[in-house]
Each structure stands twice: as structure tokens, then as C-alpha cells.
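A short write-up of the structure that comes next.
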Amino acid sequence: MTAAVEAPPARRPQSWLKPVSLHGGWRSAIWFLLPALIGFVAFYLYPALRGVYISFTDWNLIANRGDWVGTDNYERLLDDRQVWESLKITFRYTIINIVSQTILAVAIAVLMDRLTKSVLIRGILLFPWLIPNVIVALLWVWMLDGNLGVVNEFLGWFGMEPVRFFTDTDKVIPTLAGINTWRHMGYTALLIFAGLQTIPKSLYEAAALDGASEGQMFKDVTIPLLRPILALVLVITVVGSLQVFDTVFVATGGFGGQPGGPANASRVIYLYIYQYAFDFNQLGYAATVSVLLVVILLAITFLQLKLLRAGESDLA
């Protein structure tokens, strides 16, 4: 007779609800995260909370103090036509910038993917993005000057009258958006180009065998599979456009001009906040407008990510 084989003792089911121990890897992770956490609290969280507090005061920047005024600043904000006009100007700038930058970036990325993947070309495309905004603004102020600018000099060769890019109320916002597009379209194109590399080439081959044209493949294959990257690009572009400041300040204020001119036609919301904080010494009201801008940015970002389904991919 063979001896009976005893069954191994049953294992106790492991619980996923056990408290996390700070020993081992977690302790090391906390030390690595601590510098970033300190930086976040010191340079982001605390200034943000202090800004919200200041928005409920009549803070004087010179005296560095202010009295509590409750919701007076927010009531003033609702009746302030200038702040809503500044938002309107900012949204106009944002729409022009998004449309021009995204279309050009997608076109450049597709051309790079189909024609060349040269590292030199990528470096040339990225170069304008590496130049500081102030330098870019000064460069274009000199080039687009109505009297001495090389662009108007070139237009004069064809018998055209000089264009007042920064002194015409109808042209100043499209001009500023064009400057920003020139600076950022190469960087945006490289982001989209990286997304194109994740699309399997077999999908294009299958579509070509089915008789699809280049336009059909772009519409039915490229665009749907680029949705997560396009969502990221649009969020970055919108948030950056709504926070434009230095380009507007330098370009419209150059050569003796008034920042936000002409006739406040380029007075974007960030410039409005700056003027009330530092020119008019009304930091409490400037903080109130800043809170409004943060709420708008959060709402737009949430809607973009939701509508574009940024967390989903048709490749899955």
C-alpha cells in the first residue's frame, strides 16, 4: 500500500487592503519625491492660496498690506467691461493662434514623416522655440516696423503701401498670433511627428491595398490615431495662448509704443492683470482677475480632455 500524500496547507488569501508600510521602497520613494513636493508647495500651492486670499482684500503693493473687503472685488469684476473686453481680445488671439499653429504643425509633421526624417531638419524646426519670447518679439518688431522694417521694404518692391502691423487695431492681434505661431509651430510639429511614429505602417499599407487615397488615409487613419497627441497639443496651445504676456508687452510697447496698444486693441488678460497690479497698485483686484483666469483655464482644459477623449487611443 502506498502512503497517503498529505495536501499542502492552504494559503491564506492576501488582502489588498493592508496598510502601506513606509519601510523599504516607499521610504526611498518619499525621499526622491520630497524635493519636488517642497518646490510645488513653496512655488505653486502657497502662492496660489495666498493669491486667493489677496483677492478678498484691497492689497497695497507698496505698503505690502491690505484690509479685508470680502467679495467687493468679485462684484466689481462682474461690472468691469474692460476685463471682459480683455478676455474677448485674448480669445480672439487664442483662436487665430490655435488654428494657424495646428494646421501648419500637422502639415509639417506629415511632410517630415513621408519625405524625410532628417535630424538636421528637426533641429532647424526647433530652433525658433529655443529663442526667448522677448528676443523673438524684438526681432519681429524690427522686421515689421512700418518705416524701417525689412518686411515693408520687401512689400515696397511690389509697389505696396507700408503695413502698420503693430499700430493698426485690426492687424495687431493677427500679427502677434503670427509671431507666436512662427515660434512654436516647429516644436508642435515635432510632438505630432513623434505621434506619427507610433502608428503602424501596416495600417497605411492595408488602406492603400483597399484603394484609399492619401487624403482618405489622412482622414480615416492618421487623424483618429493621433487623437491623444492632438489633445495634448491643443491643451498646451490653448493654455499658453491664454497666458500670453511678454510677446504682447514687448512688441506693442517697442519703439515708444504703449503696451496693449493701439487703443487697447491688444490688451490681453495677462497684460490687464499686470497693469492693475503694478501700474495702478491694485493688487487685490488683479488677484481677483487672476482667480477668474485660473477658473477659465481649468474649465477649458477639462472640456478639451473630455471632448477629445485624450485618455483613449484607437490603437488599443
Side-chain angles (χ1 to χ4, degrees), residues 86-115 121-122 124-141 143-144 149-152 154-155 160 163-196 215 218-219 222-223 226-227 229-252 260 265-271 296-297 300-301 303-304 307-308:
S86 293
L87 278 173
K88 179 181 175 182
I89 293 170
T90 306
F91 279 117
R92 181 184 175 213
Y93 168 88
T94 300
I95 292 172
I96 296 174
N97 182 45
I98 289 173
V99 172
S100 59
Q101 187 179 149
T102 304
I103 291 176
L104 288 173
V106 170
I108 293 172
V110 171
L111 288 174
M112 287 178 59
D113 185 57
R114 293 303 179 91
L115 300 179
I121 293 179
R122 293 186 223 173
I124 294 173
L125 288 173
L126 193 61
F127 180 73
W129 181 74
L130 299 174
I131 305 175
N133 273 326
V134 173
I135 304 300
V136 170
L138 287 173
L139 172 67
W140 282 100
V141 165
M143 292 177 63
L144 299 178
V150 64
V151 173
N152 277 309
F154 177 76
L155 294 177
M160 300 175 64
V163 179
R164 306 297 176 182
F165 291 99
F166 296 111
T167 56
D168 189 310
T169 55
D170 294 327
K171 295 183 177 65
V172 62
I173 286 298
T175 300
L176 292 169
I179 293 173
N180 189 77
T181 297
W182 175 83
R183 182 177 185 266
H184 289 91
M185 68 178 180
Y187 172 74
T188 307
L190 290 179
L191 290 178
I192 297 174
F193 176 76
L196 289 173
F218 179 77
K219 183 184 71 172
T222 303
I223 294 299
L226 272 180
R227 187 175 60 247
I229 296 296
L230 289 176
L232 170 66
V233 166
L234 287 175
V235 168
I236 293 175
T237 306
V238 169
V239 171
S241 298
L242 289 174
Q243 297 182 90
V244 64
F245 169 74
D246 40 10
T247 303
V248 177
F249 189 91
V250 174
T252 58
S266 61
R267 194 188 194 188
V268 293
I269 190 66
Y270 241 75
L271 181 59
I296 292 174
L297 289 173
I300 290 177
T301 302
L303 286 175
Q304 281 184 294
L307 294 175
L308 293 172

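Basis for what follows: all heavy atoms, side chains included, without hydrogens, waters or symmetry-related copies. Computed from a predicted structure; not experimentally measured. For this chain, numbers begin at 1 and follow the sequence in order.
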Shortest non-hydrogen contact between [X] and [Y], atoms and distance:
X: S86; Y: R267; result: OG-O, 3.1 Å
X: G195; Y: I229; result: CA-CG1, 3.8 Å
X: V172; Y: A265; result: CG1-CB, 4.0 Å
X: P128; Y: V136; result: O-CG2, 4.4 Å

Gap separating the [atom1] atom of [X] from the [atom2] atom of [Y], nearest 0.5 angstrom:
X: I300; Y: F91; atom1: CD1; atom2: CZ; value: 4.5 Å
X: I135; Y: L130; atom1: CD1; atom2: CG; value: 13.5 Å
X: Y93; Y: T247; atom1: OH; atom2: OG1; value: 6.0 Å
X: M185; Y: L125; atom1: CE; atom2: CG; value: 7.5 Å
X: I121; Y: F193; atom1: CD1; atom2: CZ; value: 10.0 Å
X: I179; Y: M143; atom1: CD1; atom2: CE; value: 9.5 Å

Okay, side chain of T90, backbone of I269: is any donor-acceptor separation there less than 3.5 Å?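 Present.
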Short side-chain to backbone donor-acceptor contact, R122 and L190, under 3.5 Å |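 No, the answer is negative, given that no donor and acceptor are paired below the 3.5 Å cut-off.
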What pairs of donor and acceptor atoms, side-chain ones from residues 96-110 against any protein atom, are under 3.5 angstrom apart with sequence neighbours left out?
from: N97; atom 1: OD1; to: Q101; atom 2: NE2; distance (Å): 3.2
from: N97; atom 1: OD1; to: N180; atom 2: ND2; distance (Å): 2.9
from: N97; atom 1: OD1; to: T181; atom 2: OG1; distance (Å): 3.2
from: N97; atom 1: ND2; to: S241; atom 2: OG; distance (Å): 2.6
from: S100; atom 1: OG; to: I96; atom 2: O; distance (Å): 2.8
from: S100; atom 1: OG; to: N97; atom 2: O; distance (Å): 3.3
from: S100; atom 1: OG; to: T181; atom 2: OG1; distance (Å): 2.8
from: Q101; atom 1: OE1; to: T188; atom 2: OG1; distance (Å): 2.7
from: T102; atom 1: OG1; to: I98; atom 2: O; distance (Å): 2.7

Can you list every pair that meets ring pair (Phe, Tyr, Trp, His ring centres under 6.0 Å) and has a residue in residues 230-250, with sequence neighbours left out?
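Checked against ring pair (Phe, Tyr, Trp, His ring centres under 6.0 Å) - neighbours excluded - the pairs reaching residues 230-250 are F245-F249, F245-Y274, F249-Y274.
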| query | Per the side-chain contact (heavy atoms from CB on, under 4.5 Å) rule, which among L176, T167, V141, V268 passes with T252? | reply |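 By the side-chain contact (heavy atoms from CB on, under 4.5 Å) criterion, T252 pairs with just one of L176, T167, V141, V268: L176.
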**Study point:** Stepwise side chain to side chain contact (heavy atoms under 4.5 Å, CB included) test for F165 and W140
**Key:** CA-CA 10 Å; F165 291 99; W140 282 100; over 6 Å; no
Worksheet item: What's the verdict on side chain to side chain contact (heavy atoms under 4.5 Å, CB included) for L297 and Q243, showing C-alpha distance, side-chain angles and the deciding distance?
Response: CA-CA 9 Å; L297 289 173; Q243 297 182 90; 4.2 Å; yes
### Message
List the residues meeting ring pair (Phe, Tyr, Trp, His ring centres under 6.0 Å) with Y187, not counting sequence neighbours, and say none if there are none.
### Response
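Per chain and number, Y187 pairs via ring pair (Phe, Tyr, Trp, His ring centres under 6.0 Å) with W129.
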